[in-house]
Structures are given as C-alpha cells and as structure tokens.
Engineer: 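If you scroll down you'll find the structure; I have some questions about it.
Because only heavy atoms are used, hydrogens play no part in the values below, and waters and symmetry mates are left out as well, while side chains stay in.
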Amino acid sequence: MILEDIASHTGTVIDNARVHRRAVTELADNMREMQILRKIDRELNDTIDLKRVFSMTLDWALRFTNAQYASLCTYDEETDELRFHLDYGYEVSSEHLASIRSEFGAGITARVARSGQAEVVPDVSMDAEYVLLANRVRSQLSVPVKREDRVVAVITLESKKPDGFTDQHLDFVAKLATRAGVAIDNARLYDTAIREREKISHILSNTADIVIVVNPDGRVILVNESARAAFQISTNGWIGQSFPDAIKYAPLVEVFHKAVGRGENYTEEVIMPNGRISHANLKLHEGIGWIIVLHDVTAFKEMDRLKNELIATVSHDLKQPLGVMGGYLELLTMQKAIAPSGEAY
C-alpha cells in the first residue's frame with residue numbers, strides 16, 4: 001500500500017516536473033521570439049530603403065525557420081502581377097528563375113497572393129500548382145504581407161525536409177510579415193516621394209524661368225539652375241540662408257520685402273543683373289512659404305517698344321499727306337457749295 005502511494009506520488013511529481021519543464025521551455029521560446037521581434041522592429045524602423053527592408057525580412061525568416069530557399073515578391077492586385085525582388089539559396093541565376101516563372105507561373109506563391117491566406121504545404125509533390133525551382137525542395141511556406149487588408153507582397157520559404165515548417169514557424173513569419181508590411185509601405189512612400197522630388201527637380205532644372213522657394217521663416221529652401229546662373233549662387237551655399245543673404249541682389253530683395261510686408265501675392269518688373277527685364281510673380285502658399293517665379297519679358301518689352309515706334313513713325317509720316325488731302329477735300333467742298341446751279345467742275 002505504501003509502495004503504491006509512493007509510486008502514485010512519484011508519478012505525480014514526474015508529471016508536474018514535465019509540465020513545469022514544458023512551461024519553462026515555452027516561456028523561454030516566447031521570450032526569445034519577443035526579443036527577436038523587438039530587434040526586427042528596431043532594424044526595420046531604422047531603414048526606409050526598400051531593398052534593405054526586403055533583405056532583412058528574408059534574412060530573419062530564414063534564420064528562424066532554418067529554410068534553405070527563400071523569395072520575396074510584391075503583388076499588384078489591380079493587374080494581378082507578381083514582381084520578384086529577392087531569391088536566396090537557389091543554385092540557378094535570378095534570370096533563370098524569372099524564365100521559369102514566366103513560363104510556368106508563380107505557383108503556390110501566386111495562389112497565396114490572390115487568396116490573402118498563408119499556406120503550409122508539407123509535401124510540394126502533392127500540390128498540382130507547385131512550380132519546381134530547386135530539385136531538392138520538399139515543403140513550402142508562403143505568407144502574404146498585407147497593408148489595410150490588401151496584399152502587397154508574399155514571403156515564400158522552401159525546405160529540403162518534408163513537413164519542414166511548424167505552426168511556430170508559420171506564426172513567426174506571419175508576425176514578421178505584419179512588421180514588413182509597415183516597413184514596405186513606409187519605404188514605398190519614401191521612394192515615391194524621392195522620385196517625385198527628383199522629377200520636380202529635373203523639371204525645374206530644365207526650366208528657363210527663375211524659380212526660388214522661401215519658407216515661412218524667410219529662408220531659401222529651393223533654387224533652380226536658372227536662378228543660380230542669374231544671381232551667381234553657389235551650388236549649396238544658399239541652403240537655409242535668409243533670402244537677402246542667399247540672393248544678394250537688391251532689386252529682387254526689395255520686391256520680396258514688399259510682398260512680405262503686404263502678406264499677399266505680388267507682381268512687379270525687375271531689371272536683372274544682365275540688364276534684361278523679368279516679370280516677378282511672388283505667391284504665398286500655406287505650409288510652403290513664398291514661391292517666386294521670374295519670367296523674362298525682355299522680348300515682349302522690345303516688341304512693345306517697336307510697336308510704339310512704328311505707330312509714332314506712321315503717325316508722323318502720314319500726318320502731312322493726310323493734312324494736304326484734307327485741305328483739298330475741304331476746298332472741293334467749298335467750291336461745290338458756291339458753284340452756280342447746274343454748273344459742273
């Protein structure tokens with residue numbers, strides 16, 4: 001009886017020890033995962049470079065799952081197109097992988113992109129849509145990256161082991177995808193802003209008009225090539241300087257002060273350093289400051305001068321003959337008035 005009680009008590013102790021050990025192991029795993037995710041958050045928040053975001057995302061996915069192959073692609077829902085940006089581990093070149101995908105499609109990755117649901121495929125040979133990219137692949141994990149319920153990318157991992165991905169792997173990659181979605185969105189917005197800024201800069205640099213932007217504090221934040229050439233401004237010397245210090249041309253500075261004093265849009269003609277005449281248009285935009293555009297109107301002024309000269313010349317040259325003709329007309333009228341009735345001249 002005593003032995004049975006001891007055996008029963010010992011079994012309970014052993015079971016409790018197993019449960020405790022399992023709980024400690026799970027806690028340790030959870031703590032490790034939390035530390036990894038915090039580190040991932042820091043790394044992703046420290047970059048706005050899209051390529052680096054892609055690279056870090058795949059790097060962490062490979063580390064945690066011990067997968068041998070990985071790829072990351074972006075997805076356009078409107079066109080239903082996948083664009084692969086990174087491939088890791090494959091023995092063939094990116095060009096060859098692109099050729100395979102072009103011929104056979106993106107398989108399970110494309111299916112996940114369209115459905116928006118993550119998939120774990122324990123045995124790829126049993127999936128009719130699987131596209132072979134490496135001979136020894138046995139299992140695949142694909143997780144969509146979403147932003148506002150919209151799939152923007154897909155992370156795909158492949159393993160040489162059958163049933164190579166666990167629920168823990170899926171959970172981690174899903175959390176990674178959530179973080180990657182934010183980082184990808186931020187990087188895309190930054191990339192779009194940079195491209196738009198470069199586009200505007202290219203347009204301004206090829207514009208003959210002088211363009212200067214001054215912030216609400218009166219400091220110059222943009223000048224185009226025409227402005228730099230006209231006022232002999234150094235390449236970077238103008239950045240953040242006050243308008244008078246950056247431009248150093250009294251007539252335009254005076255016009256600027258007039259506009260600021262009035263606090264409203266203002267226009268005035270300015271004689272440029274090279275003697276040409278420009279029409280200065282100063283507009284105040286909320287949140288930006290003053291946008292100053294100087295358009296060369298010298299040619300129009302010259303045309304106006306020539307027109308006035310032509311009118312003056314024609315008026316002077318025609319004045320005498322027209323006067324003579326008027327005199328003759330007046331004489332004929334007078335003669336007709338005094339002529340006898342019926343007599344013709």
Side-chain angles (χ1 to χ4, degrees), residues 29-30 32-41 43-45 47 50-77 80-90 94 97 101 105-134 137-188:
D29 290 341
N30 290 335
R32 174 174 170 267
E33 182 179 307
M34 289 177 60
Q35 290 174 353
I36 292 173
L37 290 173
R38 280 200 298 268
K39 186 174 182 180
I40 291 171
D41 286 336
E43 290 185 1
L44 289 176
N45 289 333
T47 183
L50 198 55
K51 291 182 178 179
R52 180 153 175 73
V53 170
F54 292 157
S55 179
M56 285 193 297
T57 300
L58 278 194
D59 182 54
W60 278 109
L62 285 166
R63 283 195 218 178
F64 194 86
T65 63
N66 294 317
Q68 286 76 47
Y69 311 99
S71 64
L72 192 149
C73 64
T74 51
Y75 178 60
D76 189 329
E77 285 187 345
D80 191 34
E81 290 181 349
L82 293 170
R83 182 183 175 192
F84 284 83
H85 297 270
L86 281 179
D87 292 291
Y88 282 166
Y90 297 100
S94 298
L97 291 174
R101 289 167 178 145
I108 299 169
T109 300
R111 189 169 71 206
V112 168
R114 295 185 185 107
S115 69
Q117 301 297 319
E119 289 192 32
V120 177
V121 182
D123 187 352
V124 293
S125 65
M126 302 299 292
D127 194 306
E129 294 187 25
Y130 176 72
V131 175
L132 182 66
L133 299 176
V137 172
R138 299 296 302 278
S139 56
Q140 179 173 319
L141 167 64
S142 289
V143 177
V145 177
K146 294 183 178 181
R147 285 298 290 158
E148 299 177 353
D149 296 326
R150 178 173 51 89
V151 177
V152 297
V154 179
I155 301 169
T156 294
L157 305 169
E158 295 187 322
S159 174
K160 297 177 182 178
K161 300 177 182 178
D163 201 10
F165 300 103
T166 65
D167 291 340
Q168 187 180 13
H169 292 152
L170 175 59
D171 181 64
F172 176 82
V173 178
K175 292 176 182 176
L176 177 62
T178 300
R179 288 159 171 78
V182 176
I184 289 171
D185 213 27
N186 292 338
R188 274 181 164 177

Engineer: List in chain and number order the residues that pass salt bridge (charged side-chain N to carboxylate O under 4.0 Å, His left out) with Asp59, two or more places apart in sequence or in another chain; answer none if no residue qualifies.
Structural biologist: Arg63
Engineer: With sequence neighbours excluded, tell me which residues meet side chain to side chain contact (heavy atoms under 4.5 Å, CB included) with Glu81.
Structural biologist: Thr79
Engineer: With sequence neighbours excluded, tell me which residues meet ring pair (Phe, Tyr, Trp, His ring centres under 6.0 Å) with Tyr90.
Structural biologist: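 Tyr90 satisfies ring pair (Phe, Tyr, Trp, His ring centres under 6.0 Å) with Tyr69 only.
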Engineer: Test of understanding: with side chain to side chain contact (heavy atoms under 4.5 Å, CB included), list the residues that count as partners of Ala70, not counting sequence neighbours.
Structural biologist: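 Ala70: side chain to side chain contact (heavy atoms under 4.5 Å, CB included) contacts with Leu58, Leu62, Tyr88, Leu157.
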Engineer: For Arg138, check side chain to side chain donor-acceptor pair (under 3.5 Å) against everything at least two apart and list the hits.
Structural biologist: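 Scan of Arg138 (side chain to side chain donor-acceptor pair (under 3.5 Å), adjacent residues dropped) gives none.
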Engineer: Do Arg101 and Ser71 make a side-chain contact, defined as non-hydrogen atoms from C-beta onward lying under 4.5 Å apart?
Structural biologist: yes
Engineer: Checking Ser159 now: which residues fulfil side chain to side chain contact (heavy atoms under 4.5 Å, CB included) with it, not counting sequence neighbours?
Structural biologist: Gln68, Ser139, Lys161, Phe165
Engineer: Would you name the heavy atoms of Val173 and Ile155 that are closest together and state the gap between them?
Structural biologist: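 What the structure gives for the nearest pair is CG1-CG2, 4.3 Å.
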Engineer: Do Thr166 and His169 come within less than 4.5 Å of each other through their side chains, counting heavy atoms only?
Structural biologist: yes
Engineer: Any pair with a residue in residues 110-129 that passes salt bridge (Lys or Arg N to Asp or Glu O under 4.0 Å), sequence neighbours left out, goes on the list, sorted by first then second residue, please.
Structural biologist: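 Found Asp80-Arg114, Arg111-Glu119, Arg111-Asp127, Arg111-Glu129.
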Engineer: Who are the side chain to side chain contact (heavy atoms under 4.5 Å, CB included) partners of Val124, not counting sequence neighbours?
Structural biologist: Val121, Tyr130, Val137, Gln140
Engineer: Going by the rule side chain to side chain donor-acceptor pair (under 3.5 Å), which residues pair with Thr178 if we only count those two or more places apart in sequence or in a different chain?
Structural biologist: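 With neighbours one apart ignored, the set is empty.
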Engineer: Could you list the residues that satisfy ring pair (Phe, Tyr, Trp, His ring centres under 6.0 Å) with Phe54, not counting sequence neighbours?
Structural biologist: His85
Engineer: Apply side chain to side chain donor-acceptor pair (under 3.5 Å) to Thr156 and list each qualifying residue two or more places apart in sequence or on a separate chain.
Structural biologist: Thr109, Ser142
Engineer: Applying salt bridge (Lys or Arg N to Asp or Glu O under 4.0 Å), which residue pairs with at least one partner in residues 140-150 are found, sequence neighbours left out?
Structural biologist: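 Only Arg147-Asp185 qualify under salt bridge (Lys or Arg N to Asp or Glu O under 4.0 Å).
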